[in-house]
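Here's the structure, in structure tokens; my notes come after.
Note that this is a predicted model, so its numbers are computed, not measured. We use all heavy atoms of the structure for the numbers below, so side chains are in, but hydrogens, waters and symmetry mates are not.
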Amino acid sequence: TGAISSLQRQMEIQESELRRIRSEKEFLQKQLREREIQLQAISDKFCNLTQEERQEEIVVIMEEENRNLHQLVTEQESQLAEQSKLIGELKATINQLRAEVVNTRVHLLEQKQAQKEIQSQADALQHKALQTRVALEHITCK
């Protein structure tokens, strides 16, 4: 039971790590939504500029937004790769822990079976000892 408890604790730690990763993902999605709101605000601003000013401003903002988006995509790809790697490691560890639990249970069953066999042998020896004493007493009495 100690090994099983230890394995369950390890699984809880790994599940906590998975929750943390999901939380980070939600944070990044929130940031993306905020950038979309900023982009909409900039778009609204353009409606009030002259056509030429709009074109110049659009080019500048698009270049800046393109750089920001490229950086964000790169960061998110990196985080996704890290999260995927961690998820793979967690899955491998979970599989390993499950195998260890199975092995532990098999070992416990084998120990119980061996204990039953030993108990059976002990009972048989006690019975033989009793029979021997009875026979010895019977011979002694004659």
Going by side-chain hydrogen bond (donor to acceptor under 3.5 Å, both in side chains), name the residues that satisfy it together with Glu65, two or more places apart in sequence or in a different chain.
none
For Gln96, what residues pass the side-chain hydrogen bond (donor to acceptor under 3.5 Å, both in side chains) criterion, not counting sequence neighbours?
Glu100
Could you note down all residue pairs passing salt bridge (Lys or Arg N to Asp or Glu O under 4.0 Å) where residues 15-28 supplies at least one of them, sequence neighbours left out?
Glu17-Arg20, Arg20-Glu24
According to side-chain hydrogen bond (donor to acceptor under 3.5 Å, both in side chains), does anything in residues 125-134 pair up with another residue at least two apart or in another chain? List the pairs.
His127-Gln131
Quick one: name the residues clustered hydrophobically with Leu72, using the 4.5 Å side-chain heavy-atom rule over I, L, V, M, F, W, Y, and just say none if it's on its own.
Leu32
Does Ile21 sit in a hydrophobic cluster with other residues, and if so which ones, taking ILVMFWY side chains as linked at heavy-atom separations under 4.5 Å, directly or through other members?
Leu18, Leu86, Ile87, Leu90
Any side-chain heavy atom of Gln38 within less than 4.5 Å of one from Arg35?
yes
Are Met62 and Ile42 grouped together when hydrophobic residues (ILVMFWY) are joined by side-chain heavy atoms under 4.5 angstrom apart?
yes
Give me the other members of the hydrophobic cluster that Val102 sits in, counting Ile, Leu, Val, Met, Phe, Trp and Tyr linked by side-chain heavy atoms under 4.5 Å, directly or via other members.
Val106
Evaluate whether atom CD of Glu12 has more than 12 neighbouring non-hydrogen atoms of other residues, nucleotides or ligands under 6.0 angstrom away.
yes
Report the residues that fulfil side-chain hydrogen bond (donor to acceptor under 3.5 Å, both in side chains) with Asp123, sequence neighbours left out, ordered by chain and then residue number.
Gln119
Residue set satisfying side-chain contact (heavy atoms from CB on, under 4.5 Å) with Lys30, at least two apart, ordered chain then number -> Arg33, Glu34
State which residues pass side-chain contact (heavy atoms from CB on, under 4.5 Å) with Glu63; sequence neighbours excluded, sorted by chain then number.
Val59, Arg67
If we count only N and O atoms by modelled type, under 3.5 Å, do the side chains of Gln14 and Gln10 hold a donor and an acceptor together?
no
Quick one: list whatever passes side-chain hydrogen bond (donor to acceptor under 3.5 Å, both in side chains) with His70, sequence neighbours left out.
none
Using links of under 4.5 Å between side-chain heavy atoms of ILVMFWY residues, direct or through other members, which residues join Leu108 in one cluster?
none
